[in-house]
Chemist: 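Here it is, the structure, as structure tokens.
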Amino acid sequence: MTKPDFTPLKLFITGPTYIRDEAKAAGELPEFGHRDSENVKRMAPIMENLRRVALVDDSYQPMLINGSGSTAMEAAVRSLVADGETMLNVTVGAFGDLFGRIASANGKQCEQLRFDYGRAIDPDVLRKTLERVRPAVVTFTHNETSTGVTNDIVAVCSLIREFGAMPVVDGVSIFGGTDLKIMEAQPAMYVTATQKSLALPAGFGIALVGREAEEKAARVANRGYSSCILNQLAKARINQTLTTPNTQLVNQLWAQLDYIVNEEGVENRFARHAAMRAQTAEWVSSMDGFDLFAQDGHRSPTLTTVQCPQGLTVEQLKKGVKESMRARGYLFDPGYGKVNAEMEKAGKRVIFRIGHMGDITPAMLAEYLEELGEVLKAL
Ligand SMILES: *Cc1c(COP(=O)(O)O)cnc(C)c1O
């Protein structure tokens with residue numbers, strides 16, 4: 001084989017994220033047949049531990065859908081929005097917009113409610129929109145990865161319920177990083193993926209599906225095949241996937257969930273994420289001219305967005321800062337492209353992101369922040 005010239009980098013982007021050596025090594029566990037008895041040895045604990053990480057009971061069925069987070073979002077839209085119904089796409093950034101793009105691409109009738117970058121969903125504005133639109137389904141993002149904003153899932157879901165609509169939540173970048181409050185919020189369906197706060201390679205969309213979603217899907221036409229949650233549920237209930245999974249990733253997910261639940265402990269994991277948010281905020285306050293970007297009270301436990309001093313350009317972030325950090329062994333996140341392009345065009349101060357999710361430790365983060373501080377001060 002040709003010798004690769006791949007550079008090992010510590011990933012401080014917002015996904016994919018840093019993978020522990022033990023989680024990598026779990027990919028070396030024996031391959032298996034996905035309809036064989038060996039499959040259930042991995043999948044039964046995976047299903048159980050997904051419930052433990054999500055803190056849900058068996059009223060929610062977890063499922064692994066081949067693909068990634070967007071695949072699970074598409075399954076939700078295709079299975080839950082019926083012909084003639086309106087879906088309301090509530091968005092606070094680029095990943096919120098994605099739900100709307102998926103709806104339109106599937107011919108679903110969709111209205112959008114948008115909030116400014118850095119702001120969370122404002123319940124008063126949402127209420128007025130719900131009164132006007134009267135949607136059947138409402139989608140929103142629990143943790144907006146492009147802006148570092150976490151929405152109040154309990155408050156937003158309960159408001160949506162007041163109007164008889166069904167909440168569907170994208171929690172791709174927060175699952176495994178905090179108490180999701182799903183039992184309290186009662187979304188019809190909650191979706192995530194493996195490569196963010198679960199700290200594994202990408203390869204599965206993960207969904208938690210409530211009974212209500214199952215009943216609704218039976219009344220929706222043209223759900224597709226792999227995007228049909230009823231097809232997926234039939235297999236998930238017997239601890240299988242609908243189509244052939246990446247068996248290496250199944251082994252890794254088995255090992256990683258066991259580590260999260262039985263070694264680190266779910267509550268400790270959540271506390272570690274909260275501590276890294278505080279650690280990053282403290283670093284930002286020590287950096288002259290830099291400020292936290294996300295709305296106070298809605299700052300994400302899994303990533304922090306930092307607003308740069310006026311005059312610092314996206315070009316400087318993408319070239320100077322990113323390449324200096326690469327030379328120091330890190331992959332820096334120069335901000336979400338579309339968001340920064342719009343901010344720069346409007347004459348606003350641009351942002352960069354610090355991913356502190358998954359298996360990154362406070363010690364790793366401290367080193368990273370020190371290096372990044374040096375690079376930014378040298379600008
Ligand atoms: C990463 C991300 C997605 C997209 O997920 P993929 O796994 O890349 O398909 C969707 N929503 C949010 C909030 C994300 O962070």
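Indexing begins at 1, ligand by ligand and atom by atom, following the structure's order.
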Chemist: Under 4.0 Å between a Lys/Arg side-chain N and an Asp/Glu carboxylate O for R127 and E162?
Modeler: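 Yes, charged N to carboxylate O under 4.0 Å.
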
Chemist: Hey, which atoms in ligand 1 end up nearer than 4.0 Å to a heavy atom of N143?
Modeler: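 Those of ligand 1 that fall under 4.0 Å from N143 are 13 (C).
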
Chemist: Taking atom 4 (C) of ligand 1 as the point of reference, which of A94, G67, S70 owns the nearest heavy atom?
Modeler: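 Residue with the shortest heavy-atom distance to the ligand atom: S70.
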
Chemist: Can you get from V172 to V138 by hopping between Ile, Leu, Val, Met, Phe, Trp and Tyr side chains that sit under 4.5 Å apart?
Modeler: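 V172 does not cluster with V138.
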
Chemist: Does NZ or CZ of K181 lie under 6.0 Å from the centre of the six-membered ring of Y190, at an angle within 45° of the ring axis?
Modeler: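 Geometry flag: not set, cation outside 6.0 Å or 45°.
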
Chemist: Answer yes or no on whether R349 is positioned over the face of F290, meaning its NZ or CZ is under 6.0 Å from the six-membered ring centre and within 45° of the axis.
Modeler: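 Checked: cation-pi criterion not met.
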
Chemist: Restricting to salt bridge (charged side-chain N to carboxylate O under 4.0 Å, His left out), what partner residues turn up for R223, sequence neighbours left out?
Modeler: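 Expected list: none.
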
Chemist: If we set the cut-off at 4.0 Å for heavy atoms, which region of T141 has an atom near ligand 1: side chain, backbone, both, or neither?
Modeler: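 For T141, only side-chain atoms sit under 4.0 Å from ligand 1.
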
Chemist: When you compare ligand 1 with T71, is there at least one nitrogen or oxygen pair between them that comes in under 3.5 angstrom?
Modeler: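 No; the residue has no nitrogen or oxygen that sits under 3.5 Å from a nitrogen or oxygen of the ligand.
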
Chemist: Could you list which atoms of ligand 1 come closer than 4.0 Å to a heavy atom of T145?
Modeler: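 In order of number, 12 (C), 13 (C), 14 (C), 15 (O).
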
Chemist: Tell me: protein heavy atom nearest atom 11 (N) of ligand 1, and distance?
Modeler: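 So the nearest neighbour among protein heavy atoms is D170 OD2, 2.6 Å.
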
Chemist: Please name the residue in the list T304, T361, T302 that meets the side chain to side chain donor-acceptor pair (under 3.5 Å) test with H356.
Modeler: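 Of the listed residues T304, T361, T302, the side chain to side chain donor-acceptor pair (under 3.5 Å) partner of H356 is T304.
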
Chemist: List the steps and the verdict of side chain to side chain contact (heavy atoms under 4.5 Å, CB included) for Q256 and D359.
Modeler: CA-CA 10 Å; Q256 177 69 349; D359 285 336; 2.8 Å; yes

Chemist: Can you check which of K196, M357, E74 brings a heavy atom nearest to atom 1 (C) of ligand 1?
Modeler: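 Minimum heavy-atom distance to atom 1 (C) of ligand 1 goes to K196.
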
Chemist: Provide, to 0.1 Å, the distance between atom 6 (P) of ligand 1 and the closest protein heavy atom, together with that atom's residue and name.
Modeler: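 I find the closest protein heavy atom is S68 OG, 3.4 Å.
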
Chemist: Need the ligand 1 atom indices (1-based, order shown) with element for anything under 4.0 Å from a heavy-atom of Q195.
Modeler: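 In order of number, 6 (P), 7 (O), 8 (O).
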
Chemist: Residues two or more places apart in sequence or in another chain: which of them pass side chain to side chain donor-acceptor pair (under 3.5 Å) with T243?
Modeler: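 T243 satisfies side chain to side chain donor-acceptor pair (under 3.5 Å) with N66 once adjacent residues are dropped.
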
Chemist: Has ligand 1 got any nitrogen or oxygen that is less than 3.5 angstrom from a nitrogen or oxygen of G69?
Modeler: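 Such a contact does occur with ligand 1.
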
Chemist: Check whether any heavy atom of E144 sits under 4.0 Å from an atom of ligand 1.
Modeler: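 So E144 does not count as touching ligand 1.
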
Chemist: Quick test: of every protein heavy atom, which one is nearest to atom 10 (C) of ligand 1, and how far off is it to 0.1 Å?
Modeler: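 The answer is F95 CD2, 3.4 Å.
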
